[in-house]
Amino acid sequence: MRRGDEEYEAALSAMEQILLDWVAQPFRPLYYSHLSELLAEQGHHVPAHDGPMPYLLEDCTRLHSDGAKPMLSAVVVLKGRDRPSSGFFTLARQQPFLREGDDERLWIAELEHLEREYVRR
């Protein structure tokens with residue numbers, strides 16, 4: 001599976017729907033391993049911590065945010081840490097997002113932004 005190929009695009013579409021459904025509920029962490037399982041249920045082999053997972057998360061996040069909207073990948077966290085990986089924070093500080101603050105504040109602000117934008121009331 002490579003960025004841009006048919007398999008990648010199908011997995012990206014599946015991830016997009018999983019994340020949109022997930023963020024429509026009040027915050028609960030989505031572990032990488034669980035995201036991998038949810039993708040596998042739809043026929044997409046995406047290992048939790050290597051391969052295309054970080055690229056899919058980045059691309060999905062970029063598809064849904066022009067910088068003003070919240071980052072969908074904020075709900076995806078590492079088991080045992082219950083926080084996003086360092087890749088999330090790196091992405092958050094890049095164009096078009098340009099999020100500021102220390103990691104904890106940045107992440108909490110992003111979760112609050114997700115709740116305002118997506119949680120069904």
Side-chain angles (χ1 to χ4, degrees):
M1 177 184 308
R2 291 195 175 141
R3 261 184 172 155
D5 71 19
E6 193 174 313
E7 184 181 10
Y8 183 92
E9 293 302 318
L12 180 61
S13 180
M15 179 180 282
E16 177 183 20
Q17 194 55 58
I18 289 166
L19 291 178
L20 286 169
D21 290 345
W22 200 267
V23 299
Q25 304 298 318
F27 175 72
R28 64 202 194 283
L30 175 58
Y31 297 112
Y32 282 88
S33 57
H34 189 196
L35 178 56
S36 180
E37 291 167 7
L38 292 171
L39 287 165
E41 288 172 7
Q42 295 185 36
H44 307 288
H45 177 69
V46 180
H49 299 290
D50 56 334
M53 180 66 81
Y55 302 108
L56 287 164
L57 280 168
E58 178 180 343
D59 290 347
C60 190
T61 298
R62 288 185 184 278
L63 281 172
H64 281 276
S65 183
D66 57 4
K69 287 189 137 198
M71 299 173 67
L72 291 178
S73 57
V75 298
V76 183
V77 300
L78 296 164
K79 243 183 216 177
R81 278 195 53 216
D82 287 334
R83 298 284 182 270
S85 73
S86 61
F88 168 78
F89 297 104
T90 299
L91 180 61
R93 291 183 171 95
Q94 295 175 354
Q95 289 281 0
F97 310 108
L98 299 176
R99 304 300 198 250
E100 296 179 352
D102 66 37
D103 287 356
E104 188 73 13
R105 286 186 203 161
L106 182 155
W107 183 56
I108 289 170
E110 207 60 35
L111 292 176
E112 290 170 348
H113 195 181
L114 278 167
E115 184 172 348
R116 287 190 306 274
E117 186 78 22
Y118 290 105
V119 173
R120 297 179 197 130
R121 306 237 184 250

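Keep in mind that what you see is a predicted model, and the values were worked out from it rather than measured.
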Checklist entry - Going through the distances and angles, do L106 and F88 end up as a side-chain contact (heavy atoms from CB on, under 4.5 Å)? => result CA-CA 10 Å; L106 182 155; F88 168 78; 3.8 Å; yes
If I compare all heavy atoms of [X] with all of [Y], which pair ends up nearest, and what's the gap?
X	Y	result
Y8	G4	CD2-N, 3.6 Å
I18	L35	CG2-CD1, 3.8 Å
L39	A11	CD2-O, 3.9 Å
A92	F97	O-CB, 3.4 Å
H113	R99	ND1-NH2, 4.3 Å

Checklist entry - Looking at CG of L30 and CD of Q25, how far apart are the two atoms once the value is rounded to the nearest 0.5 Å? => result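 Atom-to-atom, L30:CG and Q25:CD are 12.5 Å apart.
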Item to check | From L20 atom CG to M15 atom CE, the distance as rounded to the nearest 0.5 Å | outcome: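 The distance works out to 12.0 Å.
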Item to check | Test: R2 and D5 ion pair at under 4.0 Å | outcome: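 Salt bridge between R2 and D5, a charged N being under 4.0 Å from a carboxylate O: no.
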Item to check | Check ion pair R83-E104 (N to O, under 4.0 angstrom) | outcome: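 A salt bridge is present here (some side-chain N lies under 4.0 Å from a carboxylate O).
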Next on the checklist: Contact between F27 and L114 at the side-chain level, heavy atoms closer than 4.5 Å - yes or no?
Outcome noted: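 The answer is no; the side chains never approach within 4.5 Å.
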Next on the checklist: Are the side chains of H64 and E117 in contact, using a 4.5 Å heavy-atom criterion?
Outcome noted: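 The answer is no, as the side chains (C-beta and beyond) never meet within the 4.5 Å cut-off.
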Checklist entry - If you group Ile, Leu, Val, Met, Phe, Trp and Tyr by side-chain heavy-atom gaps below 4.5 Å, do V119 and L111 land in one group? => result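 No, V119 does not connect to L111 through the hydrophobic network.
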I'd like a table of donor-acceptor pairs (distance under 3.5 Å, sequence neighbours excluded) in which one partner is a side-chain atom from residues 67-79, with atom names and distances.
from: S73; atom 1: OG; to: T61; atom 2: OG1; distance (Å): 2.9
from: K79; atom 1: NZ; to: S33; atom 2: OG; distance (Å): 3.4

Item to check | Check against side-chain contact (heavy atoms from CB on, under 4.5 Å), L91 and R62 | outcome: CA-CA 9 Å; L91 180 61; R62 288 185 184 278; 3.3 Å; yes
Item to check | R3 atom CZ: more than 12 heavy-atom contacts under 6.0 Å | outcome: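 Enclosed.
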Check: residues 41-57 side-chain donor-acceptor pairs under 3.5 Å, at least two apart:
from: H44; atom 1: NE2; to: Q42; atom 2: O; distance (Å): 3.4

